[in-house]
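All values below come from the heavy atoms of this structure, side chains included, with hydrogens, waters and symmetry mates left out. Each chain gets a letter, A, B and so on, in the order the sequences are listed, and its residues count up from 1.
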Number of protein chains: 2
Amino acid sequence: MPKVETFNRTNVLQKATEVFHKKGYNGTSMQDLVDATDLNRSSIYNSFGSKLGIFMEVLAFYQQGANQNFGKGLAEAYNATDAIEAIFKLTLNDIIGDDDRKGCLIVNCKSEMANQDHTIKSFIEKNQDRMIAMLEDIVSKGQMEKIFNTDQNPNQYALYLYTSIQGLRMTGILNKNEEDLQNIIKTVLKVLY
Amino acid sequence: MPKVETFNRTNVLQKATEVFHKKGYNGTSMQDLVDATDLNRSSIYNSFGSKLGIFMEVLAFYQQGANQNFGKGLAEAYNATDAIEAIFKLTLNDIIGDDDRKGCLIVNCKSEMANQDHTIKSFIEKNQDRMIAMLEDIVSKGQMEKIFNTDQNPNQYALYLYTSIQGLRMTGILNKNEEDLQNIIKTVLKVLY
DNA sequence: GTGTTAATGAAATGATCGTTCCAAAATTAA
DNA sequence: TTAATTTTGGAACGATCATTTCATTAACAC
């Protein structure tokens, strides 16, 4: 019956993610998206509804990529130490690997929009819940394995680690020295032992 | 000779700061500033040059206010423990006291613009240098007083603390629970002892 | 008071904003 | 091949963007 969507949706989201990541939500125009995706204006609106619509899909796309990375890292971890170090190592690699020093799209989005748009706010709350659940799980296992201390409960340590990751992403925007960043991570994790 | 500037510059910067803080740089329009400051468009351009011009002054104004707060807190500190706790306590109060949960203007600005505008980037680098110098000084004294350990040198600890403060500001945007935030701070500082 | 100078008010600048509209092109079921 | 359906291309929408222009108003030195 109908003509089918011809473009590669993943590819388009990839391109759109790059633009939003580099320029932020308010700094990105529809024209920027048209240029980056090689899609027509109408096609964007037809497929994503609005600027906020495509941005929400971009956020989900970005989050999915990060989750996959974490998943792989955790799969190779033999104990809680490996696991938590994998999380921070992947974050560090993401920081070091980005020559533009854009920071984390989700952290940036939180800073730009969480206090203004309810849809964004609740997306990020869910993202936070997932991150904290993951960290809590690692801490919990580490405490059962007697590798981590029990000075704080897993949820408290998870919120601490989540906070540290956000701080790391912010610092990574201006500090290019890998050794410095590794040192911060070392200090952050020391309290667990 | 000339008619003199009639408006209260501090008052105008105060109002402009509120707007930029709430909506971000790209989210704020010149019309927003006209409405908030009760100044005429021409007067804004006449006195501040451009949107980026007034924003730079807003950043300096905001930074100055924060510095004064830190200064007062540090003046009352008898030792390094008091000092570092004052810094985090003031940060916590700033987070808790803001019902809009806007986060820190400078952290937000870093996330939005540091990778795009060179003037902004260098402002924030200087701000970071000052913050780290202040923290380094506290750590240094604490180590001399034998209150803090010497596992890391003052500069390394300072960067760690700076990173933690940024993380705290990000977490504070969505987490309203003061107890949780205090707990994070406790965990952050534990590594020093 | 007069002359000088700069701040002000209000309108207008061209560019760009996000979004819509509609005819044309393209795809599939029949 | 035809009919049905939806994507596409491109122009256009009104609104808003940051900035400029200029006549008017107000303050100071003399």
Side-chain angles (χ1 to χ4, degrees), chain A residues 1-59 105 108-109 112-113 116-120 123, chain B residues 1-59 105 108-109 112-113 116-120 123:
Chain A
M1 303 214 264
K3 178 181 177 186
V4 88
E5 207 177 69
T6 65
F7 62 85
N8 180 330
R9 201 177 177 86
T10 302
N11 216 295
V12 165
L13 281 175
Q14 165 70 33
K15 297 287 188 185
T17 300
E18 283 175 29
V19 183
F20 278 124
H21 200 173
K22 183 174 289 179
K23 310 180 91 168
Y25 180 78
N26 285 310
T28 299
S29 72
M30 221 54 193
Q31 188 59 49
D32 290 333
L33 294 171
V34 168
D35 294 343
T37 61
D38 273 331
L39 237 58
N40 190 276
R41 244 178 190 60
S42 311
S43 302
I44 297 181
Y45 277 94
N46 203 18
S47 301
F48 300 99
S50 66
K51 185 186 174 188
L52 188 60
I54 189 173
F55 184 64
M56 293 304 300
E57 291 214 27
V58 157
L59 280 180
L105 175 62
N108 293 353
C109 168
E112 184 179 9
M113 308 176 74
Q116 306 206 67
D117 185 290
H118 182 267
T119 310
I120 293 287
F123 176 94
Chain B
M1 303 210 265
K3 179 179 176 188
V4 87
E5 208 176 70
T6 66
F7 63 83
N8 180 330
R9 202 176 177 87
T10 302
N11 216 294
V12 165
L13 281 174
Q14 165 70 36
K15 296 287 189 185
T17 301
E18 283 175 30
V19 182
F20 277 123
H21 199 172
K22 184 174 290 181
K23 310 179 94 169
Y25 179 78
N26 285 311
T28 299
S29 72
M30 221 53 190
Q31 188 59 50
D32 290 332
L33 294 172
V34 168
D35 294 343
T37 61
D38 273 331
L39 235 58
N40 190 275
R41 243 178 191 61
S42 310
S43 301
I44 297 181
Y45 276 94
N46 203 13
S47 302
F48 300 99
S50 67
K51 185 186 172 187
L52 188 60
I54 189 172
F55 185 64
M56 293 303 300
E57 292 215 27
V58 156
L59 280 180
L105 174 63
N108 293 352
C109 169
E112 185 180 8
M113 308 176 75
Q116 307 207 67
D117 184 289
H118 182 267
T119 310
I120 293 287
F123 175 93

S.K.: How would you summarise protein contacts on nucleotides 9-16 of chain C per nucleotide, using B for base, S for sugar-phosphate only and - for none, with heavy-atom distances below 4.0 Å?
M.R.: BBB-----
S.K.: Give me the atom names and distance for the closest heavy-atom approach of Leu33(A) to Thr37(A).
M.R.: O-OG1, 2.7 Å
S.K.: How close or far is atom P of dT16(D) from atom NZ of Lys51(B), stated in whole angstroms?
M.R.: 15 Å
S.K.: To the nearest Å, give me how far apart CZ (Phe48(B)) and P (dT19(D)) are.
M.R.: 14 Å
S.K.: What is the distance, to the nearest angstrom, from the CD atom on Gln31(B) to the C1' atom on dC17(D)?
M.R.: 11 Å
S.K.: Using only heavy-atom distances, determine whether the side chains of Glu112(B) and Asn108(B) contain a donor-acceptor pair under 3.5 Å.
M.R.: no
S.K.: Measure OH/Tyr45(B) against P/dC22(D) and give the value in whole Å, please.
M.R.: 17 Å
S.K.: Between Ser29(A) and Asp32(A), is any side-chain donor less than 3.5 angstrom from a side-chain acceptor?
M.R.: yes
S.K.: Would you call the rings of Phe55(B) and Tyr25(B) parallel, tilted or perpendicular if under 30° counts as parallel and over 60° as perpendicular?
M.R.: tilted
S.K.: dG18(C) C1' sits how many Å from Phe55(A) CZ, rounded?
M.R.: 16 Å
S.K.: When the distance from CZ of Phe20(B) to C1' of dA18(D) is rounded to whole Å, what number comes out?
M.R.: 12 Å
S.K.: Rounding to an integer number of Å, can you tell me how far Met30(B) CE sits from dC17(C) C1'?
M.R.: 18 Å
S.K.: Quick one: CZ on Arg9(B) to CD on Glu57(B), what's the gap to the nearest 0.5 Å?
M.R.: 4.5 Å
S.K.: Nearest to the Asn46(A) side chain among dT8(D), dA18(D), dT19(C), which nucleotide is it?
M.R.: dT8(D)
S.K.: Can you measure Ile44(A) atom CD1 to dC17(C) atom C1' for me and round it to whole angstrom units?
M.R.: 14 Å
S.K.: Would you verify whether the NZ or CZ of Lys51(A) falls within 45 degrees of the ring axis of Tyr45(A) while also being under 6.0 Å from that six-membered ring's centre?
M.R.: no
